[in-house]
Amino acid sequence: MDEDCKLEVSSTDGFSKELEIAVRAVHMACLLCQRVQENFLSEISEHVHSKEDKSPVTIADWSVQAIVSWVLSEAYGSENVSIVAEEDVEALSKASAVGLLEAVVKTVNECLADAPRFGLKGPATDLDAKAVLEAISRCSLADARGSKFWVLDPVDGTLGFVRGDQYAIALALIEDGEPVLGVLGCPNYPMKKEWLSYQNGYRRILSRLTSHTSESLDKGSVLYARKGGGKAWMQPLLCRENNFVWPNSAREIRVSSIDNPALATFCEPVEKANSSHSFTAGLAHSVGLRNQPLRVYSMVKYAAIARGDAEIFMKFARACYKEKIWDHAAGVLIIEEAGGVVTDAGGRPLDFSKGEYLEGLDRGIIACAGTKLHEKIIRAVDASWNSSSL
């Protein structure tokens, strides 16, 4: 790793090395995702597969998981790294999936060839299919050891990715049930927030028509924070063939200072399948929220609050849906270090120590830019819950 690429923390600060490696790995993953979109966006329906729960998975999901797993294992030794991630290798291991596996292997090796650009050492030779499958399968709950492990969502918001909209690569380190560092790669989330004012359809059209290498329309970013640092940061993605040099034009981000509900903007998931838009709409009305909701795929909602583009995120899952830790860990820490508050609807911190699910979650998740808004939402939930159908 380059000697001059150091975090803006002292060498004695906790998790500084882990955070630096994680940021570099996520930058690599963002580049991979951009390339995948460019290569098959016009034929994307042929490259989207369905998991058992009917949710979509793409070449990018498996490839990012392999990349992050490989980078962390090289940095610390595979025997010292525990990773819990979303994807498995069952579909890739089938005899009928030879072509799909070959595409994943090719994508992984193309990405690893760029490792020196990010201050990381790539493999001496290309990884074969066995090595790629091993890297992906290394990320399982069964292999997570002890009270310290990584959590990865390789492509959070796959539907957003497929549709050319918002998605995120989310990586966090958990220790004793709490995130201690978090990194969010958001390839379509702009350093300047003007793009967020466009309607989703227009943004998708722009995403399809513009080149990801155009400096005038660079719109990707990586956000990161470590526990106790009291700061969160945002970096632009690399453009053209530039090399990554820390801190890569990073700037500190803070949550919004707005505490008047009438001026606040709230985020909610785009898809209605696992969240209740009607309940959040009722809550918004009861606390005096007047702005249209910002409906965004993936943990980009957390990014929007952390950097002050919105003030509230509310998610209340429908019956039988259980929140997964990789959908929240990185975003929660980034908001908290940027000055915000994230709890369940009972006001309790989220517990990441019970496996892949957020067990014991009280009704839903509430993230706010400040304590005043947070307290108002909590009170509104208590007042409205018994009359809801959730």
Counting C-beta onward and ignoring hydrogens, is there a side-chain heavy-atom pair between [X] and [Y] closer than 4.5 Å?
| X | Y | result |
| --- | --- | --- |
| I325 | L358 | yes |
| P154 | E86 | yes |
| F149 | F352 | no |
| Q34 | L237 | yes |
| R117 | L31 | yes |
| M28 | L112 | yes |
| S353 | D176 | no |

Decide side-chain contact (heavy atoms from CB on, under 4.5 Å) for L181 and W150; before the verdict, give the C-alpha distance in whole Å, the side-chain angles of both, and the deciding distance to 0.1 Å.
CA-CA 9 Å; L181 68 83; W150 295 87; 3.8 Å; yes

Residues that [X] engages under side chain to side chain donor-acceptor pair (under 3.5 Å), provided they are two or more places apart:
| X | answer |
| --- | --- |
| K376 | none |
| Q235 | H27, Y224 |
| D114 | R35 |
| R348 | D344 |

Could D128 and K130 be called an ion pair, given the rule that one side-chain N must be under 4.0 Å from one carboxylate O?
no

Thinking salt bridges, do E90 and K94 make one under a 4.0 Å N-O criterion?
no

Keeping to residues at least two apart or across chains, list the salt bridge (Lys or Arg N to Asp or Glu O under 4.0 Å) pairs with something in residues 246-260.
D259-K372

Mind checking salt bridge (Lys or Arg N to Asp or Glu O under 4.0 Å) for [X] and listing every partner two or more places apart, or none if nothing turns up?
| X | result |
| --- | --- |
| D382 | R363 |
| K231 | none |
| K121 | none |
| E356 | none |

[X] [atom1] to [Y] [atom2] distance, which is reported to the nearest 0.5 Å:
| X | Y | atom1 | atom2 | result |
| --- | --- | --- | --- | --- |
| I365 | E323 | CD1 | CD | 4.5 Å |
| L173 | L152 | CG | CG | 12.5 Å |
| I312 | C267 | CD1 | SG | 9.5 Å |
| R307 | M234 | CZ | CE | 4.0 Å |
| I378 | C368 | CD1 | SG | 8.0 Å |
| T343 | D362 | OG1 | CG | 9.0 Å |

Closest non-hydrogen atom pair between [X] and [Y], with its separation:
| X | Y | result |
| --- | --- | --- |
| L127 | N109 | N-OD1, 2.7 Å |
| L333 | V180 | CD2-C, 3.5 Å |
| A330 | A172 | N-CB, 3.7 Å |
| A367 | I335 | CB-CD1, 4.0 Å |
| I366 | A345 | CD1-CA, 3.9 Å |
| A22 | L171 | CB-CD2, 3.7 Å |

Using a 3.5 Å distance criterion without hydrogens, assess whether the side chain of [X] forms a donor-acceptor pair with backbone atoms of [Y].
| X | Y | result |
| --- | --- | --- |
| S137 | E134 | yes |
| S69 | A135 | yes |
| N188 | Q166 | no |
| E336 | V341 | no |
| W70 | Q65 | no |
| K301 | V296 | yes |
| N80 | Y76 | yes |
| N248 | P236 | yes |

Apply side-chain contact (heavy atoms from CB on, under 4.5 Å) to L72 and I21, showing your working.
CA-CA 8 Å; L72 293 179; I21 292 173; 4.2 Å; yes

CA sep, side-chain torsions, deciding dist, call: V36, S63, side-chain contact (heavy atoms from CB on, under 4.5 Å)
CA-CA 10 Å; V36 170; S63 299; 5.7 Å; no

Member of F161, Y297, Y189 meeting the ring pair (Phe, Tyr, Trp, His ring centres under 6.0 Å) criterion with Y167:
F161

With sequence neighbours left out, what residues match F313 under ring-ring contact (aromatic ring centres under 6.0 Å, His included)?
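For F313 the ring-ring contact (aromatic ring centres under 6.0 Å, His included) partners, ignoring immediate neighbours, are Y302.
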
Between S78 and R138, is any side-chain donor less than 3.5 angstrom from a side-chain acceptor?
no

Does I258 sit in a hydrophobic cluster with other residues, and if so which ones, taking ILVMFWY side chains as linked at heavy-atom separations under 4.5 Å, directly or through other members?
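Members besides I258, by chain and number: L263.
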
Run V64 and V68 through side-chain contact (heavy atoms from CB on, under 4.5 Å) and show every step you take.
CA-CA 6 Å; V64 167; V68 174; 4.2 Å; yes

Salt bridge (charged side-chain N to carboxylate O under 4.0 Å, His left out), paired with K227, selected from E175, E337, E178
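In the set E175, E337, E178, the residue that makes a salt bridge (charged side-chain N to carboxylate O under 4.0 Å, His left out) with K227 is E178.
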
Who passes side chain to side chain contact (heavy atoms under 4.5 Å, CB included) against E102, sequence neighbours left out?
V98

Among L238, V23, V245, find the residue that satisfies the side-chain contact (heavy atoms from CB on, under 4.5 Å) test when tested with F118.
L238

